[in-house]
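No hydrogens, no waters, no symmetry mates; every other heavy atom, side chains included, goes into these values. Every number for a ligand or one of its atoms is a count from 1 in the order of the listing.
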Amino acid sequence: MTHAAQNLDTRSLQALDNAHYLHPFSDHKSLREKGARMIVRAEGVYIWDSDGNRILDGMAGLWCTNIGYGEKRLADVAYAQMMELPYYNSFFQCAHPPVVELAKEIAALAPEHMNQVFFTGSGSESNDTVLRMVRHYWSVKGQPEKFTIIGRHNGYHGSTVAGASLGGMKAMHKQGGLPIPGIHHIPQPYWFGEGGDLSPEAFGIQAAQELEKAILDIGEDKVAAFIAEPIQGAGDVVIPPSTYWPEINRILAKYDILMIADEVICGFGRTGEWFGSQYYGIKPDFMPIAKGMTSGYMPMGGVIVSDRVANVFEEKGGDFNHGYTYSGHPVAAAVALENLKVIKEKNLIHYVKSDIGPYLQAKWQTLVEHPLVGEARGVGLVAAIELVKDKATRTRFGENVGIGEICRDLSVENGLVMRACGDTMIISPPLVITHEEVDELIEEAWLALELTLSHLQAQGVV
Ligand SMILES: Cc1ncc(COP(=O)(O)O)c(C=O)c1O
């Protein structure tokens, strides 16, 4: 036990939580009634709650604990770095060894034309940074009217004002008067939900051409950039049809606008490449990163910047009036460096690409045999299933039934963290997951589906 509060029993912890703790993305009324699940320790791909239940973490925390839990090497470097230099900033012409080493390492992993990194504290801060960089770039180039950034409905780019505005989550926009001006959203390449009678390939082209339409409507001279996740994560794990990214690439090559590939989830191995952009052949100007860069052991994010942008900043940009107290934090940087070493030494990128990724995807496909599952899809170690009332017509149960939440709760109660996005169940386990653990994940996912079906039958919904 590392903290006094961990000696308290579950009820006492929940009472403290209810009295004092405001949770992110939570309905506090129902949370207070039920009481939060207290997670007290973790090892490998498993977490334990305060009642002693072991749960397979099918979401790697929030898509971030890529190397799994309990990697002592990261704790050791954090301790050593805290003793050596616990904090210093990179403002005012300073730097320190861990941050410059980390920038070098990340540049070496990024696509060849991207060699500079700006550090932040999170994925959201990375996207706030990107918005400012994009507009600064065009302003420095003498084209400040190139201001609008095009994002996608249901895209997720974080929860700060700029992050939530760039994202296309309606529920987030409703709170706080978002999006801010100068952001336009186009439809997502979500074939299962929105493809209608089109084949996935035809729909992929159609969805990509929405970008061209938007550029022409707004005017190429007013569009600054396009932002998208290579695989849309929080917005239902949308695996784009095979035609989507090639068509987007064609459009981006035709018009003078910048490409922002949000790699916060896809980065650091999730697709079986270091970055999702490499998986799909995207040529970004900016790659916001976070999560897997430290495997969540320390909060840290960043923006990898292309040479064409970095050169403009250096030559003509002057002072870039932007930065965070914790930009390039030395302890976070040291932990990130060690995390990258672990990923390399364990050969995790190759493991995801050629071994555990294909293994998980093949097993995941078997879930389609369940009467509730309309589609199973995935890439590398990220996957989704669609829960449906009718497989043939791809008809969902909808908000009133709340099947996703029912399935999620039953899944967690029976030993597996799956996440619900509406009627879609998603997973994104640690990259170190073994074959046996994948087998367990699939068995538990199937059990959650069975229990969900029984629940719906008892309610008379099916
Ligand atoms: C694609 C993407 N971008 C940005 C973010 C925001 O990152 P953070 O929660 O670290 O601010 C997330 C978080 O899930 C994400 O999935």
| request: Kindly tell me which protein residues have any non-hydrogen atom under 4.0 angstrom away from an atom of ligand 1, grouped by chain and ordered by number? | output: S122, G123, S124, N127, Y156, H157, G158, E229, D262, V264, I265, K291
Between [X] and [Y], is there a side-chain N and carboxylate O pair less than 4.0 Å apart?
X: K291; Y: E263; result: no
X: E375; Y: R394; result: no
X: E105; Y: K341; result: no
X: D27; Y: K34; result: no

| Aromatic ring pairing F226/W245, orientation class (parallel under 30°, perpendicular over 60°, tilted between) |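 Tilted.
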| request: Applying side-chain hydrogen bond (donor to acceptor under 3.5 Å, both in side chains), name anything that partners Y244, two or more places apart in sequence or on another chain. | output: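 For Y244, the residues satisfying side-chain hydrogen bond (donor to acceptor under 3.5 Å, both in side chains) (neighbours in sequence not counted) are R152.
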